[in-house]
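Remember, it's 1-based here, ligands and their atoms both numbered in the order they're listed. Keep in mind that what you see is a predicted model, and the values were worked out from it rather than measured. If you read the sequence from its start, that first residue is 1, and numbering goes on from there.
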Amino acid sequence: MQLKMLLTERFSTAMIALGIPSDCNPMLALSGKPQFGDYQANGAMAAAKRMGKNPRNIAAQIIQKVDLEGIAETLEIAGPGFINIHLSNNFLSECLSTVEKQKVTADKQQNIVIDYSSPNLAKEMHVGHIRTTIIGDTLARILEYQGHNVIRQNHMGDWGTQFGMLIAELELYLDDDNAELALNDLEVFYQQSKKHFDDDPKFATKAREYVVKLQSGDAYCRDLWQKFIKVSIAHSLEIYQQLNVGLNADHVKPESAYNNDLDVIVKDLMDQKIAVDSDGAKVVFLPELADKNGNPSPMIIQKSGGGFLYATTDLAALRHRANTLNADRILYFIDARQSLHMKQVFITGRKAQYVTQGVSLEHHSFGTMMGPDGRPFKTRTGGTVKLTDLLKEAVQRAEALIKQKNADLDQEQITNIATKVGIGAVKYADLSITRTNDYVFDWDAMLSFEGNTAPYLQYAYTRIVSIFRKANLDITDIQSNICITEKQEKSLALKLLQFEEVVSQVAIDCYPHTLCSYLYELASAFMTFYEYCPVLKTEVPKSTQHSRLVLCSLSANTLACGLDLLGIEVMEKM
Ligand code: ARG
């Protein structure tokens, strides 16, 4: 049972018994400072206002009535009517003894579709793809951890007009059979074909022809396209592996997969009179998203020339996810710049009854990653930064740091640690800020061993493991009663008990920084505990030592589990 839930239940019961309207929430929250207790119930003020009574009196009555026998030591009124709750040490000890069995599996298992990463395959993955990939993957892990059926959908862009240009370019290499070589660097290949397209009208005409042929199923163009796509997908899969992100070939459901649905969707929307003809194009006009002059927001689903658009494909994908995949929730992790597009798709999808009311459609957007100059992250020469280069640099930088700290590790160990630290640092720097904000990419800050960083948390983990190594004990085999007496033990215990609460929160609002802040606080609580409460020293009584070792082992497990939900690995030494 989560502490906050338990307290909420007990307070609600008391409030109802006092005749307080049942929709008045007891408003349980963590206390900001230990002197204000461990939790606070802040609902007395609102309840008093509703009833026209004095808030401190109401708070006093609630304190009289609430049954927290064996749970809380003291309750006190603070300020205008806050109730500070000091939990009992015994109660926390008992809860912790069963914490292993506490893992909450969601009440009801849901089918949850998560659309994330979804790069355009015309070019190589670049820094612009990192946020969707990392944040989406964290949510996939968290929802899976809760027992949901997570369906990852990598909506890769493999069907746009650019592919005509790319296959016209690829054709140039076929004769000398060095297509493979040509595709070695997709970025260079793209630039070359773009140059041909811009400079050579004949090439441009052919490229345009090829898109049409490709989309109408021409075998030759399909074949060339397939060659290109195969290389590009393999490249993305490699990045996922480097990033320790759980996307694989089975999750690829690219735009082209919906090709046969597109004219069906357009016809259906026309039949339902949701779309109309407008200068030859088929358009959905949405009064729900009208501008300030009252003009409805237009979403084109078919161009006058017959071509389909990004929105058409998204409607087809939405229908597939709701009907065929049977989704209860559909989550999209896409840049904030696509907010209007997502709103249009959601509203239209509901109007057309591709999605029933019960299905939750959620666009979880995010800000931009900025360079040190405060502008979108670029290479020194102003180009886009390839993800593969960024990750390589992360590992190199981590390696230099690890070498400095540990002269006695061999190269294999160093490479192994540096990979986990470097990749972890990049991911954590992204996950630990509120996702809707922009953030500045800063190597030194993210690789620091102090502060709210991955290396700090990984280091905290290795510290704990080293306690067990020193004592020659198996960390997985520690069993004892927990006995909490010191205040540092209490703070740590409380933190440990809040893990599931935090995970549940992130599963709902999809803000992973909450989990990061929690892990940072947990690691800090552990460090303070370890400083004040000796564990292995000979003068420590055996029962105390055993109890503290359990706290250590729970701390290590919780840190490792939390980091794993963020897709970050831990190690025994660093
Ligand atoms: N390929 C798109 C882009 O790079 C992102 C796709 C996101 N998913 C979606 N269903 N629209 O901008």
List, one per line, each side-chain donor-acceptor pair under 3.5 Å for residues 220-228, sequence neighbours excluded.
residue	atom	partner	partner atom	Å
Tyr220	OH	Glu171	OE2	2.6
Trp225	NE1	Asp158	O	2.9

Would you be so kind as to tabulate the donor-acceptor pairs closer than 3.5 Å made by side chains of residues 243-255, with sequence neighbours excluded?
residue	atom	partner	partner atom	Å
Asn244	ND2	Gly567	O	3.0
Asn248	OD1	Asp250	N	2.8
Asn248	OD1	His251	ND1	3.3
His251	ND1	Asn248	N	2.9

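Under the salt bridge (charged side-chain N to carboxylate O under 4.0 Å, His left out) criterion, Asp564 pairs with Arg141, not counting sequence neighbours.
Side chains of Glu500 and Tyr145: a donor on one and an acceptor on the other come within 3.5 Å.
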Considering only N or O atoms, set out every pair between ligand 1 and the protein closer than 3.5 Å, with distances to one decimal place.
residue	atom	partner	partner atom	Å
ligand 1	1 (N)	Ser118	O	2.9
ligand 1	1 (N)	Asn120	OD1	2.9
ligand 1	8 (N)	Asp115	OD1	3.2
ligand 1	8 (N)	Asp115	OD2	3.3
ligand 1	10 (N)	Asp115	OD2	2.7
ligand 1	10 (N)	Asp314	OD1	2.7
ligand 1	11 (N)	Tyr310	OH	2.8
ligand 1	11 (N)	Asp314	OD1	3.4
ligand 1	11 (N)	Asp314	OD2	2.8
ligand 1	12 (O)	Gln338	NE2	3.0

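The aromatic rings of Phe449 and Tyr459 lie perpendicular to each other, with more than 60° between the two planes, well past the 30° mark. Ring planes of His513 and Tyr511: perpendicular class, angle over 60° (limits at 30 and 60°).
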